[in-house]
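Each remark here refers to the structure printed beneath this line.
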Number of protein chains: 2
Amino acid sequence: MSLRHAVLGLLSAGPASGYDLLKTFELSLENVWPATQSQLYAELGRLAQEGLVRVAAEGPRGRKEYEITEEGRAELRHWLVEVSPAVNRRSDMLLRVFFLDQVGTGAARGYLERLAERAVHEHDQLLGIREFVIGQGDDALRLYGDIALEWGLRLTAAQREWAEWAAGRVAALEQEKAPEQEKALEQK
Amino acid sequence: MSLRHAVLGLLSAGPASGYDLLKTFELSLENVWPATQSQLYAELGRLAQEGLVRVAAEGPRGRKEYEITEEGRAELRHWLVEVSPAVNRRSDMLLRVFFLDQVGTGAARGYLERLAERAVHEHDQLLGIREFVIGQGDDALRLYGDIALEWGLRLTAAQREWAEWAAGRVAALEQEKAPEQEKALEQK
DNA sequence: GTCCACATGTAAAGGGTTACATGATTTT
DNA sequence: AAAATCATGTAACCCTTTACATGTGGAC
């Protein structure tokens, strides 16, 4: 149930409407905790009912500006400090690796090579973001933004190296098997 | 919708009952694609209805042994080769980093240090698993198992290094701010 | 005869995605 | 005047988790 904490976290930096928050989710939280419009409005309603946020002001077009309450801030800090973070156990990417023996070495190598390419692409995008956000925010905000970005850079770099290494191992198996395939052809 | 492909993948290695599959999910797929008993039986029912698997034999205690069909194998290969893997976008661990400025440098550093410790622990567990599975299975199976395990090792190693680096950066900020805090204390 | 492992299923609730639905301001 | 943006809300469906529910066969 981290959506609520993402919302509380964003509101801890200042009041915002559901619409505002949605933009933030699309822009900066896209790669960390995506959320849809339906989800957001529903969660804001629940948070307000439970007293963790409150409507601080109303604007044109039914705009409701939400503000975090002291109770909300307490919940945010409690979550940050006392609740241990959930590990990300599911990985579609890795699940496929387990079954790659079903498609032969050529296709398997292709899969791993595409993973490597994707990692390079993501890494480049993060480098672009880093250029863009350099020097923004105060000391603490910049630091934690940097730390998060650095994780993305290290993760994509590691993924590239691993995928290339793995593709190499599959290629080696391919070579080993090549003589056997020639033998099989000769037998025809 | 990868649960279905996980099931097809397991059945591609040979027939099994829902109960058997559940044990496999708990043992080997625990860190890649966890699934519960309810989910499994429901999915097997759907897969059978759609003709991707079939009941090959019935045993004692209502045991139904499922077998993958040619259609199921085709779906598995299609998924492996033609459907691009979904990226894991949500990260509870990283979401918290964005809001660490809410809890002060001490608690923030503590959070990162605990992440590092956890990464070390997970890394050690994977090393243990590697010792245990060494030399099991045929060439292809061993290779892909190795590749998956290697990802786990690299990921946990990277996480440890990153978390320690990050904790260091927070400690540096703490030092920078220490004189200011002394000043603040003097003013009282 | 009791206990454990085997074996399957259903129900309720939570969280997420997609699609539907509507309307008010501001910009061009 | 039209188009884009702002702004909120609801409904249906899918996947996952937790809990409930039941019964059989083998081992000791």
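Atom set for the values below is all heavy atoms of this structure, side chains included, hydrogens, waters and symmetry mates excluded. The chains referred to below are lettered A, B, ... by the order of the sequence lines, with proteins before strands, and numbering in each begins at 1.
- Straight-line distance from the CG atom of A/Asn88 to the P atom of D/dT16: 14 Å, rounded to whole Å.
- Distances shorter than 4.0 Å separate none of the side-chain N or O atoms of B/Lys23 from OP1 or OP2 on C/dA7.
- Residue A/Arg46 is classed as having no contact, given no heavy-atom separation below 4.0 Å to the nucleic acid.
- Distances were taken from every side-chain heavy atom of B/Met1 (C-beta onward) to each of D/dC6, C/dG16, D/dC15; the shortest belongs to D/dC15.
- A straight line from CD of B/Glu43 to P of C/dT8 spans 15 Å, rounded to a whole angstrom.
- Of all nucleotides listed (D/dG25, C/dA21, C/dG16), C/dA21 comes nearest to the side chain of A/Gln37.
- Atoms CD (B/Glu30) and P (D/dT16) sit 14 Å apart, rounded to a whole Å.
- Salt bridge absent: A/Arg46 and A/Glu50 never bring a charged side-chain N and a carboxylate O closer than 4.0 Å.
- Between A/Arg61 and C/dT25 there is no side-chain N or O to OP1 or OP2 distance below 4.0 Å.
- Side chain of B/Asp20, nearest nucleotide from C/dG15, C/dG9, C/dA7: C/dA7.
- B/Tyr41 has no side-chain polar atom (N or O) that falls below the 4.0 Å cut-off from OP1 or OP2 of C/dG9.
- For the pair A/Lys64 NZ and C/dG23 P, the computed distance is 17 Å after rounding to whole Å.
- Put simply, OH on A/Tyr19 is 15 Å from P on D/dG9, counting in whole angstrom units.
- Heavy atoms of A/Ser38 sit under 4.0 angstrom from at least one base atom.
- What separates CG of B/Leu21 from C1' of C/dT8 is a distance of 13 Å, to the nearest Å.
- OP1 or OP2 of C/dA7 sits under 4.0 Å from a side-chain N or O of B/Arg63.
- A/Arg130 has a carboxylate O that lies under 4.0 Å from a charged side-chain N of A/Glu150, or vice versa, which qualifies the two as a salt bridge.
- Under a 4.0 Å N-O distance rule, the pair B/Asp146/A/Arg169 qualifies as a salt bridge.
- Remark: A/Asp138 does not engage A/Arg142 in a salt bridge, criterion side-chain N to carboxylate O under 4.0 Å.
- Atom CG in A/Leu40 sits roughly 14 Å away from atom P in C/dG15 (whole-Å rounding).
- Nearest-nucleotide assignment on DNA chain C puts the 5′-proximal partner with B/Ser17, out of B/Ser17 and A/Trp33.
- Summarising the geometry, the separation between CG on A/Leu22 and C1' on C/dG16 is reported as 14 Å, rounded to the nearest angstrom.
- Taking only side-chain nitrogens and oxygens, B/Gln39 comes nearer than 4.0 Å to OP1 or OP2 of D/dT17.
- A salt bridge does not link A/Glu58 with A/Arg63: none of the charged nitrogens is closer than 4.0 Å to a carboxylate oxygen.
- Heavy atoms of B/Arg90 sit under 4.0 angstrom from primed sugar atoms or phosphate atoms, though from no base atom.
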